[in-house]
Asks: 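Submitted below is the structure of interest, expressed as structure tokens.
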Amino acid sequence: MKVKLPDGSMIEVKDGSTPEQIAREISESLAKRAIGAVVNGELWDLTRPIDTEEVTLKLVLDKDEDAPEFYRHTMAHIMAQAVMRIYGKERVKLGIGPTIEKGFYYDFDIEGVRLSEEDLEKIEKEMKKIIEEDLKIERFELSKEEALEMMKEANQPYKVELIEEITDEKVSFYKQGEFVDLCKGPHLPSTGRIKYFKLLSVSGAYWRGDENRPMLQRIYGTAFAKKIDLEEYLKFIEESKRRDHRRLGPQLGLFTLHPDVAPGLPFFHPKGMVVINELIEFWRGLHREAGYEEIMTPLIMHERLWRQSGHWDHFKENMYFTEKDEQVYAVKPMNCPGHIIIYKSMPVSYRDLPLRMCELGRVHRYERSGVLHGLFRVRGFTQDDAHIFCTEEQIEDEVRGVAQLTDKIYRTFGFKYHVELSTMPEDHMGSEETWEKAINALKRVLDSMDIDYVINEGEGAFYGPKIDYHIEDSLGRPWQCATIQLDFMMPERFDLKYMGPDNVEHRPVMIHRAIYGSLERFLGILIEHFAGAFPTWLAPVQVMIIPIADRHNEYAQKIKVKLEEANLRVDVDTRSHTTSYKVREAQMMKIPYMLILGDREMEHGTVALRLRSGKDLGQIKLDAFIENVKKEIEGRMLTSIFETEE
RNA sequence: GCCAGUGUAGCUCAACGGUAGAGCGGCUGAUUUGUAAUCAGCAGGUUGUGGGUUCGAAUCCCACCGCUGGCUCCA
């Protein structure tokens, strides 16, 4: 057989060779280092014979992109084997054990056993043993009937169910020592080829994600080829915990949660409101510039509006209701119907379009208690919502405008982002032609702006295609925030019209869009993104004045007044504590600037500047300080202006 | 909602069948301090709620409530 290698060269090997044998043809060391292969684009075990005449082959080494698929898959099997050894083959029924983005998991049904985190240690120990045993991993195939029989024999009902659903004639199995599992692979050649792993958590998970099926016990773990990568990942988990907004938020005096009186509804404290108001001010300025007009619509509106909008049929489960005068009112879960009411309350000419209405709309949606999570998943939140009513021809320009606005906003926070475009779903409204046109318009916008995007085929809303923005925070975690959705349905349902130049009524198109998404959630993301150390323009307290002794308090007050006149947010710490103590407190509150005032400063009429980073810049003139900080704030700079100066 | 874990002072945690404790924070006083914790004293709790077992329950059992992780990633 002929084998084409990644460098383009061809070699001839015996028919039915394995990747390992082929590798040996090239070099012995390569054969030793390889952990798997990609054969004609398919992940392939190192020891699995290739039965095609002509193949392209790429060997997979530790550091390759495809490597985790091999060693994490194997790790899942090692874990399953360990669990079976510990709890007994008869009691353990296996679910599935796939690899996931940063690791792997396996679902088990263990008769009479409830796993807890403490059991993980025990399982890890057994896994280490299995790795030491360096068991050979062998692949074999059975016919469906044979496979079914074997799994029935082994009393593995979940596997039986899986096999029944497989359409192929043959089913593959992997065997390592006494452990055999239905699996499509790929796997390492032996259990000794991967060492660095850690089991992370146990949790419940429904069989096949269906809440009507039995709940299995899932163990999550992770594995890496290199020790340092594992350590780094564990550090990442630690760092994520350290930045958790649910801890930082109350600590920094931003917000608190009170699930006993208002589950899923955060309380914002003065400092939190400062940040939110800065976000709003920034947002308002940009929207005014971009030709939006701000509106405000009621929080509760009559049932009949929601019936007309379709929410009654499609969203009722998530809505809150209230009744008075024998009339049912709904707390709004979305802002669009309110905006439509405003649109309909006036005659609209084509000259008025595009009409851009924005609202910081407070919406409420019932979420199941189990999914609530800090500020990320709440029951009441403020959307930076807007609806653009325009003609079909204007769609492209309007979407471009939103994309530019989004870019400007995300850039300010230092977020990288990627974009996804969702196209027509099976169940949709409107003609395919209209969809086609709309999707092409969206594509043209993204292309013209040089924005890369992935297409989610058939993932659009039933009323129109959409663009979703996923931002990436400082730890590389993705968050879906902005969304731009074209809507052909609502204008139809509400019979929206505008008068065209031809003196005939036409139907406008609606664009729903939000950029922060929700202010609450965005604040949560920012807290974690900055680890609570907001850039100065957002910082609740921008400057902390620290007089060294009581005799400096008066001078401190004078400085404070000057800073306030310059519109800075300032606090003075006049408590009877040591300077170190007060510095420490300011540091823990992540206040960008500390001005330390003692005899020397009073004498020279200066301030001693300490940065949040710990840098002590010594005495500087107050005016110079104010001027620079103001420049930093106006520019909404991400790092301190004093950090950049040498 | 479901599964598992968990709930002790404002916060972080100890006590694990025999009188509920520490550090931080708070308050009071002393100290007047030069860049991440000065010292002393005081206050603070129906151990999430309700029931049960027991001579005795924070501790064991049951129910409820809250919180945390997960319930999308398909052999």
Side-chain angles (χ1 to χ4, degrees), chain A residues 73 76-77 80 94-107 109 113-120 147 151 156 158-166 168 171-174 181-187 200-220 241 244 246-247 250-251 256-261 263 317 366-374 544 546-553 574-590 594-601 608-612 614-619:
Chain A
H73 222 127
H77 276 207
L94 299 172
I96 56 167
T99 61
I100 51 176
E101 203 185 326
K102 295 275 169 118
F104 60 90
Y105 68 76
Y106 214 119
D107 288 344
D109 183 341
V113 175
R114 291 173 171 185
L115 291 174
S116 74
E117 312 255 320
E118 282 139 43
D119 297 320
L120 295 184
M151 283 295 131
Q156 291 293 344
Y158 302 106
K159 295 292 180 187
V160 168
E161 186 181 326
L162 291 171
I163 295 169
E164 276 168 352
E165 283 173 27
I166 291 173
D168 301 346
V171 189
S172 63
F173 284 83
Y174 283 81
D181 192 11
L182 168 75
C183 180
K184 102 180 143 194
H187 283 280
L200 299 171
S201 61
V202 266
S203 63
Y206 297 106
W207 171 236
R208 320 212 87 182
D210 182 345
E211 57 188 279
N212 299 311
R213 311 290 309 265
M215 168 94 43
L216 308 181
Q217 304 189 66
R218 174 173 298 181
I219 303 179
Y220 283 93
K241 271 189 208 151
D244 195 328
R246 290 168 303 176
R247 188 202 308 256
Q251 234 166 51
T256 49
L257 298 171
H258 303 271
D260 46 333
V261 289
E317 291 305 303
Y366 171 76
E367 300 276 2
R368 301 203 284 181
S369 64
V371 304
L372 298 178
H373 182 98
M544 177 58 85
I546 301 177
I548 287 173
D550 289 350
R551 65 178 177 280
H552 309 120
N553 284 354
T574 53
R575 291 174 306 170
S576 159
H577 276 291
T578 59
T579 310
S580 284
Y581 183 87
K582 293 194 257 194
V583 166
R584 180 167 188 270
E585 290 242 311
Q587 197 80 45
M588 289 200 303
M589 291 306 282
K590 319 219 181 223
M594 280 162 250
L595 297 181
I596 290 133
L597 307 180
D599 293 337
R600 296 203 287 269
E601 288 71 26
L609 177 62
R610 179 191 163 102
L611 309 184
R612 179 164 58 186
K615 263 188 204 159
D616 179 1
L617 297 194
Q619 289 185 59

Asks: Taking protein heavy atoms under 4.0 Å as touching, what does nucleotides 70-75 of chain B look like 5' to 3' if B marks base contact, S marks sugar-phosphate-only contact and - marks none?
Replies: BBSBBB
Asks: Show me the dot-bracket string of RNA chain B, counting Watson-Crick or G-U pairs under 3.5 Å, with | for pairs to another strand and [ ] for crossing ones.
Replies: (((((((..((((....[..)))).(((((.......))))).....(((((..]....))))))))))))....
Asks: Take atom NE2 of A:H258 and atom C1' of B:rC65, then tell me their distance rounded to the nearest Å.
Replies: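 Distance, rounded to whole Å: 17 Å.
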Asks: State which residues pass ring pair (Phe, Tyr, Trp, His ring centres under 6.0 Å) with A:Y581; sequence neighbours excluded, sorted by chain then number.
Replies: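 For A:Y581, the residues satisfying ring pair (Phe, Tyr, Trp, His ring centres under 6.0 Å) (neighbours in sequence not counted) are A:H577.
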Asks: Using 30° and 60° as the class boundaries, would you call the ring planes of A:H77 and A:Y106 parallel, tilted or perpendicular?
Replies: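 Aromatic pair A:H77/A:Y106 classed tilted.
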Asks: Might you list the N or O atoms of the protein lying below 3.5 Å from N or O atoms in nucleotides 5-7 of chain B, with each pair's distance?
Replies:
none

Asks: Does any N or O in the side chain of A:K590 come within less than 3.5 Å of the main-chain N or O of A:R612, such that one atom is a donor and the other an acceptor?
Replies: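 Such a contact is absent between A:K590 side chain and A:R612 backbone.
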Asks: For atom C1', what is the distance between B:rA9 and B:rG21, given to the nearest Å?
Replies: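 Result for the C1' pair: 10 Å, nearest Å.
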Asks: More than 12 non-hydrogen atoms from neighbouring residues, nucleotides or ligands closer than 6.0 Å to CZ on A:R247, yes or no?
Replies: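 Counting neighbours around CZ of A:R247, 12 or fewer heavy atoms of other residues, nucleotides or ligands fall under 6.0 Å, so no.
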Asks: How far, in whole Å, is B:rU35 from B:rU46 if one measures between their C1' atoms?
Replies: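 Their C1' atoms lie roughly 47 Å apart.
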Asks: Partners of A:D109 by salt bridge (Lys or Arg N to Asp or Glu O under 4.0 Å), sequence neighbours excluded?
Replies: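 Scan of A:D109 (salt bridge (Lys or Arg N to Asp or Glu O under 4.0 Å), adjacent residues dropped) gives none.
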Asks: Just jot down the salt bridge (Lys or Arg N to Asp or Glu O under 4.0 Å) partners of A:E211, sequence neighbours excluded, or say none.
Replies: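 Testing A:E211 for salt bridge (Lys or Arg N to Asp or Glu O under 4.0 Å), a comparison that skips the adjacent residues, returns A:R368.
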Asks: Looking at residues at least two apart in the chain, or sitting in another chain, which of them share a salt bridge (Lys or Arg N to Asp or Glu O under 4.0 Å) with A:E585?
Replies: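 Partners of A:E585 under the salt bridge (Lys or Arg N to Asp or Glu O under 4.0 Å) test: A:R575.
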Asks: Sticking with atom P, work out how far B:rG26 lies from B:rU19, rounded to a whole angstrom.
Replies: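 These two P atoms come out 32 Å apart once rounded.
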Asks: For A:E601 and A:A608, which heavy atoms make the closest approach, and how far apart are they?
Replies: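 Shortest heavy-atom separation between A:E601 and A:A608 comes out as OE2-CB, 3.3 Å.
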Asks: With sequence neighbours excluded, tell me which residues meet side chain to side chain contact (heavy atoms under 4.5 Å, CB included) with A:S580.
Replies: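 Partners of A:S580 under the side chain to side chain contact (heavy atoms under 4.5 Å, CB included) test: A:T578.
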Asks: Take A:R218 and A:D107, measure what salt bridge (Lys or Arg N to Asp or Glu O under 4.0 Å) needs, and give me the verdict at the end.
Replies: CA-CA 4 Å; A:R218 174 173 298 181; A:D107 288 344; 2.7 Å; yes
Asks: Going by side chain to side chain contact (heavy atoms under 4.5 Å, CB included), name the residues that satisfy it together with A:T99, two or more places apart in sequence or in a different chain.
Replies: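 Side chain to side chain contact (heavy atoms under 4.5 Å, CB included) list for A:T99, sorted by chain: A:E69, A:R72, A:H73.
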Asks: Looking only at atom C1', what distance separates B:rC13 and B:rG7, rounded to whole Å?
Replies: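 Rounded to whole Å, the distance is 13 Å.
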Asks: In whole Å, measure the gap between the P atoms of B:rU72 and B:rU49 for me.
Replies: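 Comparing P positions in B:rU72 and B:rU49 gives a spacing of 34 Å.
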Asks: Between B:rA22 and B:rG44, how far is it from one P atom to the other, in whole Å?
Replies: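 Each nucleotide's P atom is 13 Å from the other's.
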Asks: Tell me, please, which residues at least two apart from A:D550 pass side chain to side chain contact (heavy atoms under 4.5 Å, CB included).
Replies: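 A:D550 satisfies side chain to side chain contact (heavy atoms under 4.5 Å, CB included) with A:N553 once adjacent residues are dropped.
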Asks: When the C1' atoms of B:rG18 and B:rU54 are compared, how many Å lie between them, rounded to an integer?
Replies: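 Those two atoms are separated by 12 Å.
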Asks: Sequence neighbours left out, what passes salt bridge (Lys or Arg N to Asp or Glu O under 4.0 Å) with A:R208? Give chain and number order.
Replies: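 Expected list: A:E161, A:E165.
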Asks: Using a 4.0 Å heavy-atom cut-off, write out nucleotides 31-46 of chain B from 5' to 3' as B (base contacted by protein), S (sugar-phosphate only) or - (no contact).
Replies: BBBBBBBB--------
Asks: Calculate the interatomic distance between A:L216 atom CG and B:rG69 atom C1'; express it in whole Å.
Replies: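 Spelled out: CG on A:L216 to C1' on B:rG69 is 17 Å.
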Asks: Between B:rG52 and B:rU12, how far apart are the two P atoms, rounded to whole Å?
Replies: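 32 Å, rounded to whole Å.
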Asks: To the nearest 0.5 Å, how far apart are CD1 in A:I546 and CE in A:M544?
Replies: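 Reported value, rounded in 0.5 Å steps: 6.5 Å.
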